[in-house]
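Encoded as structure tokens, the structure appears first; notes follow it.
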Amino acid sequence: MKINQQLFAILGTFFLAVAIVYTIWTRGTEWVGIPALFALAGMQYMIAYYLRLVEKEYKTGVDDKDDGEIEEYSGTYGRFAPWSWWPLGLGAAAAIIVLGVAIDWWIFIIGIGAGLFFVTGWVFEFSRGQHKH
């Protein structure tokens, strides 16, 4: 995972440099590409940070070893919620949000409310019920 972490950190640095150069080049007047490039750099850094956190929990991965084999990739990849319906509701809420952007603001607000409900349910899924930890 260290290789992947470094790759995403390098990509984040590259996109940050491109965003700064693009901002200077367009004199800050282009309001679509500038935020998109900065957001792209931020996303790369977020993935690198996530991989750093996962590396602390799962230690050295197979891809970090020089003599690692493909068969060694089998095993636990993380903790997933069995039979969870929360992601489906969150997807529906995202669809309502996009519909609200296209149609009217009140639909957007309903989608935001539904999204907050489903995100909260998904985050606290392991705190209640059958799969409580």
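- Shortest non-hydrogen contact noted between Pro35 and Glu30 is CD-O, 4.4 Å.
- Val98 and Val101 sit in two unconnected hydrophobic clusters of ILVMFWY residues. Membership requires side-chain heavy atoms under 4.5 Å apart, directly or through other members.
- Interatomic distance, CG of Leu53 versus CD of Gln5, reported as 9.0 Å (0.5 Å rounding).
- Annotation for Ala93 and Phe118: closest pair CB-CD1, 4.4 Å, computed over non-hydrogen atoms.
- There is a path of hydrophobic side-chain contacts, each under 4.5 Å, that joins Ile109 to Leu99.
- The line from CD1 of Ile112 to CD1 of Ile96 is 11.0 Å long, rounded to the nearest 0.5 Å.
- By the rule that hydrophobic residues join a cluster once side-chain heavy atoms approach within less than 4.5 Å of another member, Leu37 and Ile10 end up as members of separate clusters.
- Hydrophobic clustering, with ILVMFWY side chains joined whenever heavy atoms are under 4.5 angstrom apart, keeps Leu116 apart from Leu88.
- Under the 4.5 Å side-chain heavy-atom criterion for Ile, Leu, Val, Met, Phe, Trp and Tyr, Leu90 and Val123 are members of the same hydrophobic cluster.
- At a threshold of 4.5 Å between non-hydrogen side-chain atoms, the residues Phe38 and Ile20 count as touching.
- Every residue was checked against the side-chain hydrogen bond (donor to acceptor under 3.5 Å, both in side chains) condition with Trp105, not counting sequence neighbours, and none meets it.
- Partners of Thr120 under the side-chain hydrogen bond (donor to acceptor under 3.5 Å, both in side chains) rule, at least two apart in sequence or in another chain, do not exist in this structure.
- The CZ atom of Phe15 sits 11.0 Å away from atom OH of Tyr45, with the distance rounded to the nearest 0.5 Å.
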**OP:** Apply the test ring pair (Phe, Tyr, Trp, His ring centres under 6.0 Å) to residues Phe117 and Trp86: give CA-CA distance (whole Å), side-chain angles for both, the deciding distance (0.1 Å), then the verdict.
**Re:** CA-CA 9 Å; Phe117 173 74; Trp86 294 107; 5.6 Å; yes
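- Note that CG of Leu40 and CZ of Phe14 are 9.5 Å apart. Values are rounded to the nearest 0.5 Å.
- Scanning both residues, Ala48 and Ala9, for their nearest heavy atoms gives CB-N, 3.8 Å.
- Taking CH2 from Trp31 and OG1 from Thr26, the interatomic distance works out to 9.0 Å, rounded to the nearest 0.5 Å.
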